[in-house]
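To keep things clear, I will list the structure first and then write my remarks on it.
As the structure lists them, so they are numbered: ligands from 1, and atoms in each ligand from 1.
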Amino acid sequence: MRGGADVTSAKTRWLGVLGWPVEHSRSPAIHTAALEASGIDAVYLPLPVPPESLASAIDGLRALGAFGANVTLPHKERVMEHLDAVEPSARAIGAVNTIVRDGDRLVGANTDGAGLARSLSEAGVVVRGARVLVVGAGGAARASVAGLLEEGAAEVAVAARRADRAADIASSIEGAVSALDLSDPGAMRAAAAQTDLLVQATSATLGDRDPTFAASLPLAELPASAAVVDLVYSPRETSVLRAAAARGLRTVDGLGMLVWQAALAFERWHGVTAPVEVMRRAAERAT
Ligand code: NDP
């Protein structure tokens, strides 16, 4: 039995990632490598789905017997209304990145927050009891807040340039979550001084598109024992991680979260331990 790209069986299962565009997604490379390494008779495909076709694409997953799927931008929120059920943790995040089959039902799950928690634990960063400052208020920020609270973080402050979006996260996620205005330097400095873990969850460091962004964060006020994680993994060493490392702080890049959200989805679908190192190498090669 061969898995991944080289398929000959009439029993081959199929999975895929729905996105628009989807060509940039590393999920096909990561999951194909994992299927091959695990000897699972399945293929994992990129599934380009324009927004107006999302409902029929979900019907297509049902009709064509997809074994499972991932969901990426721009469908992570909208997909929820087309599924048969959404797990409470995904509902709390407000987004689905993984679809699992339960008999004939398609159920929405989210492995992003747990993936971040696993990548931090792997890097030796203790989340239980930590005071966390999340910068950004998009889907990745939401998943981080929910995932880190679930993992036992003591409190989370969310800072965004649009303070209403941070307030929306604080009011919609249960637990000790507060909101901050990223453009209020005094409030940001005060929050940083009380932070054990800073999570960079904006897209400002993607492709180093905003070289001034790192300087706008209160990295100098973080305690010397604090850690900084940047969810962006392209480049792996972002301007924020460079600045944090220059201050002597512990840094974690976003590749671990990418790998672990995939590993947790793999385990949900296939019921076997994910070959995490194989997936990490595939993610690195796809960089
Ligand atoms: P969204 O587009 O949903 O949100 C982006 C957020 O970044 C918004 O809050 C936006 O603010 C903010 N932002 C962008 N530029 C700036 C800036 N210059 N200053 C301040 N805030 C800014 O994206 P996601 O939340 O889905 O993803 C964010 C990043 O996280 C992505 O770039 C992605 O690479 C990474 N990511 C990594 C994952 C992993 O597995 N490692 C998983 C998911 C995401 P505003 O609303 O005001 O525009």
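- Paired with Arg78 under the rule side chain to side chain contact (heavy atoms under 4.5 Å, CB included), one option of Met80, Glu81, Lys76 passes, and it is Glu81.
- Between Leu219 and Val240, the shortest heavy-atom contact is CD1-O, 4.0 Å.
- Side chain to side chain, Thr251 and Asp253 fail the donor-acceptor criterion of an N or O pair below 3.5 Å.
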Hey, what polar pairs (N/O, under 3.5 Å) does ligand 1 make with protein?
| unit_1 | atom_1 | unit_2 | atom_2 | d |
| --- | --- | --- | --- | --- |
| ligand 1 | 3 (O) | Gly139 | N | 3.3 |
| ligand 1 | 7 (O) | Ser203 | N | 3.3 |
| ligand 1 | 9 (O) | Ala137 | N | 3.0 |
| ligand 1 | 9 (O) | Gly138 | N | 3.4 |
| ligand 1 | 18 (N) | Asp210 | OD2 | 3.2 |
| ligand 1 | 25 (O) | Gly139 | N | 3.1 |
| ligand 1 | 25 (O) | Ala140 | N | 2.8 |
| ligand 1 | 40 (O) | Leu258 | N | 3.3 |
| ligand 1 | 41 (N) | Leu231 | O | 2.9 |
| ligand 1 | 41 (N) | Gly254 | O | 2.9 |
| ligand 1 | 46 (O) | Arg162 | NE | 3.4 |
| ligand 1 | 46 (O) | Arg162 | NH2 | 2.8 |
| ligand 1 | 46 (O) | Arg165 | NH1 | 2.8 |
| ligand 1 | 47 (O) | Arg161 | NE | 2.9 |
| ligand 1 | 47 (O) | Arg162 | NE | 3.1 |
| ligand 1 | 48 (O) | Arg161 | NH2 | 2.9 |

Glu150 and Ser89: CA distance, side-chain angles, deciding distance, side chain to side chain donor-acceptor pair (under 3.5 Å) verdict: CA-CA 9 Å; Glu150 175 87 23; Ser89 56; over 6 Å; no
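- Within the 3.5 Å criterion, the main-chain N or O of Arg101 finds no donor-acceptor partner in the side chain of Trp269.
- A 4.5 Å side-chain heavy-atom check between Asn110 and Glu87 finds every atom pair outside the cut-off.
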